[in-house]
Protein chains: 2
Amino acid sequence: MFSKACEYGIRASIYIALKSLEGTRVSLKEIAEKIDSPVAFTAKVLQQLSKNDIVESIKGSSGGFEISKNNISQIKLSQIVYAIDGNNVYEGCGLGLKRCNAKEPCPVHNRFVQIRAELKNMLESTTLYDMTMGLEQELTYLRR
Amino acid sequence: MFSKACEYGIRASIYIALKSLEGTRVSLKEIAEKIDSPVAFTAKVLQQLSKNDIVESIKGSSGGFEISKNNISQIKLSQIVYAIDGNNVYEGCGLGLKRCNAKEPCPVHNRFVQIRAELKNMLESTTLYDMTMGLEQELTYLRR
DNA sequence: ATAAATTAGGACAATTTTGTCCGATTTAAT
DNA sequence: ATTAAATCGGACAAAATTGTCCTAATTTAT
């Protein structure tokens with residue numbers, strides 16, 4: 001569904017949001033540990049997220065990553081996905097045709113648009129805040 | 001969603017089904033042309049489909065590929081996907097966790113299982129025959 | 001038997017994705 | 001000022017996916 005980069009990006013964002021809600025900034029090293037991802041690769045992903053204003057990066061000693069409380073409740077899962085994977089998830093024919101739309105559909109176009117619409121709806125209605133719920137009480141996990 | 005190999009595989013299967021319904025066997029070359037795919041790569045995919053009894057391959061002069069009428073109405077899109085991409089589409093956590101289930105879910109597990117269930121349902125209820133409908137009258141296309 | 005047309009399959013090549021390494025830069029603390 | 005702790009960013013490396021090429025094997029027609 002998503003690229004590895006995107007998976008790491010989502011998990012990282014959720015962890016940063018969680019800690020930001022607690023008022024603490026987190027380092028790359030800590031993030032990679034808590035979401036079980038390769039450190040250097042995660043760094044690249046976080047750069048990408050930083051450039052897209054999903055996370056805020058603070059350089060220097062005592063630096064790290066954080067997300068403002070306001071953004072935690074505003075940022076949608078769809079934005080994180082878009083920042084890393086672009087619109088591959090939404091657009092793009094299920095059978096790989098370059099042109100595929102209602103007028104000139106592939107044989108599964110209509111079946112796919114339905115599924116995709118629901119996926120889109122889900123991604124656009126899920127906030128970072130939503131995804132932090134349950135982590136504290138270990139009802140959900142970021143590494144397994 | 002699917003790998004390139006899988007996309008070619010689905011399109012190839014649909015084309016073979018279409019021609020088999022007309023009673024004609026088709027060659028690799030013709031398939032690749034009609035679905036606009038790289039010939040040699042498509043050959044590999046068809047080998048895979050043949051091994052999984054999705055298509056029947058006949059060697060030698062006047063050989064080619066075909067699918068029995070019975071199979072055309074029996075084979076589900078899900079089987080083609082499974083033959084090439086395995087169960088990546090169904091299983092596998094949306095955030096890439098190795099273990100992720102109702103008991104130990106990732107933060108988006110519940111949201112994803114819903115989407116995935118509908119996708120699964122769609123793939124399992126769409127037959128090869130269903131996907132050939134519309135091709136003759138150019139209501140749908142296999143290359144664009 | 002021979003030739004022609006076809007799929008099978010192994011080896012290789014190119015591209016994309018994933019991952020690593022290291023020096024540069026920035027910031028805070030001493 | 002110096003040092004330590006952190007991100008940034010470029011270059012490189014490994015792995016996976018996608019794609020190509022060539023020979024072998026099979027079948028039909030002559």
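In what follows, every chain begins at residue 1, and chains take the letters A, B, ... in the order their sequences are listed. In this text, all values refer to a predicted model and were calculated from it rather than measured experimentally.
In summary, the side chains of B/Gln74 and B/Tyr129 do not present any donor paired with an acceptor at a separation below 3.5 Å, with no hydrogens or angles considered.
In this structure, CD of B/Glu56 is placed 17 Å from P of C/dT6, rounded to the nearest angstrom. Here the P atom of nucleotide D/dA16 and the CG atom of B/Asn88 are 13 Å apart, to the nearest Å. Per the geometry, CD belonging to B/Glu30 stands 15 Å off C1' belonging to C/dT7, to the nearest Å. As a whole-Å value, the separation of A/Ile84 CD1 from C/dT16 P is 20 Å. At whole-Å resolution of the value, CG in B/Asn52 and P in C/dA8 are 13 Å apart. Across the protein-nucleic acid pair, B/Arg25 atom CZ and C/dA5 atom P stand 17 Å apart, rounded to whole Å. Atom-to-atom, CD1 of A/Ile31 to C1' of D/dC8 comes out at 14 Å; the value is rounded to the nearest Å. Rounded to an integer number of Å, the gap from CG of A/Leu46 to P of C/dT20 is 15 Å.
Judged by the 6.0 Å distance and 45° axis criteria, B/Lys120 is positioned over the aromatic ring of B/Tyr90.
For D/dG9, the OP1/OP2 oxygens have a side-chain nitrogen or oxygen of A/Gln47 closer than 4.0 Å.
How far CG of B/Asn110 is from OG1 of A/Thr140: 9.5 Å, rounded to the nearest 0.5 Å.
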I would like to know whether A/Lys76 and A/Glu124 meet salt bridge (Lys or Arg N to Asp or Glu O under 4.0 Å); could you show each step before the answer? CA-CA 6 Å; A/Lys76 308 294 190 300; A/Glu124 287 178 350; over 6 Å; no
- Item | Worked verdict on B/Thr42 versus B/Ser37 for side chain to side chain donor-acceptor pair (under 3.5 Å) | CA-CA 7 Å; B/Thr42 304; B/Ser37 66; 2.6 Å; yes
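Proximity of a side-chain donor or acceptor of B/Asn52 to a complementary backbone N or O of B/Ile54 within less than 3.5 Å is not detected.
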Protein-proximity profile, nucleotides 19-30 of chain D, B/S/- by nucleotide at the 4.0 Å heavy-atom cutoff, equals BBB----BBB--
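You'll find that the side chain of A/Ser57 is closest to D/dT7, out of D/dG9, C/dT6, D/dT7.
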